[in-house]
Peer 1: 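I am attaching a structure below and will ask some questions about it afterwards.
Everything numeric here is computed off the predicted structure, so don't read it as measured data. Note: hydrogens, waters and symmetry copies are ignored here, and every other heavy atom, side chains too, is used.
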Amino acid sequence: MKDYLKRIVELRKENSYTQQFVADFLKIDRSNYSKYERGKLELSAEMIIALTKLYHVSADYILGLTDF
């Protein structure tokens, strides 16, 4: 599994968010968000930035480049 896929699933679960909650935050369908988590769709830079704001982490963390 790609590092960022594992990270976005872990972050969502650590924050007790549902896929629907994250999808609503990103203004996308839940089915599309599920595809991001499963690696069926690639995260755009815009989506990565939105996720950094939701989880208060760096893009490097989401991408698996750092552990903090």
Side-chain angles (χ1 to χ4, degrees):
M1 181 182 276
K2 295 178 184 176
D3 285 339
Y4 76 88
L5 299 176
K6 191 163 74 170
R7 290 276 167 98
I8 63 172
V9 172
E10 287 174 356
L11 285 166
R12 180 176 58 78
K13 290 180 177 180
E14 286 172 5
N15 286 278
S16 300
Y17 294 158
T18 63
Q19 286 186 340
Q20 186 64 58
F21 177 85
V22 178
D24 290 345
F25 180 84
L26 298 173
K27 296 179 176 60
I28 61 173
D29 290 334
R30 190 214 46 85
S31 62
N32 281 341
Y33 180 74
S34 176
K35 290 175 186 174
Y36 287 127
E37 284 193 357
R38 291 181 289 132
K40 302 294 181 187
L41 288 176
E42 292 289 323
L43 285 171
S44 67
E46 181 180 280
M47 289 293 160
I48 293 170
I49 291 167
L51 289 169
T52 67
K53 292 177 182 177
L54 175 63
Y55 296 121
H56 306 286
V57 296
S58 69
D60 285 350
Y61 181 80
I62 289 177
L63 295 172
L65 302 174
T66 66
D67 288 330
F68 52 90

Peer 1: I want to check something: taking the side chain as every heavy atom from C-beta on, are L51 and L26 in contact at a cut-off of under 4.5 Å?
Peer 2: yes
Peer 1: Which atoms form the tightest heavy-atom contact between E42 and Y36, and what is the distance?
Peer 2: O-CE2, 3.2 Å
Peer 1: Can you list every pair that meets salt bridge (Lys or Arg N to Asp or Glu O under 4.0 Å) and has a residue in residues 44-55, with sequence neighbours left out?
Peer 2: none
Peer 1: Quick one: list whatever passes side chain to side chain contact (heavy atoms under 4.5 Å, CB included) with E14, sequence neighbours left out.
Peer 2: E10, L11
Peer 1: With sequence neighbours left out, write down each residue that passes side chain to side chain contact (heavy atoms under 4.5 Å, CB included) with R38, or none if nothing qualifies.
Peer 2: S34, K35, K40
Peer 1: Considering only residues two or more places apart or on different chains, which pairs with a residue in residues 21-33 satisfy side chain to side chain donor-acceptor pair (under 3.5 Å)?
Peer 2: Q19-R30, Q20-D24, Y33-E37
Peer 1: F21: what forms a side chain to side chain contact (heavy atoms under 4.5 Å, CB included) with it, not counting sequence neighbours?
Peer 2: Y17, T18, L54
Peer 1: Pairs of donor and acceptor atoms involving the side chains of residues 60-68, under 3.5 Å and at least two apart or interchain, shall be tabulated with distances.
Peer 2:
residue, atom, partner, partner atom, Å
T66, OG1, F68, O, 3.1
D67, OD1, R7, NH2, 2.7

Peer 1: Treat each ILVMFWY residue as a node, draw an edge where side-chain heavy atoms are under 4.5 Å apart, and state whether I49 and Y55 are in one component.
Peer 2: no
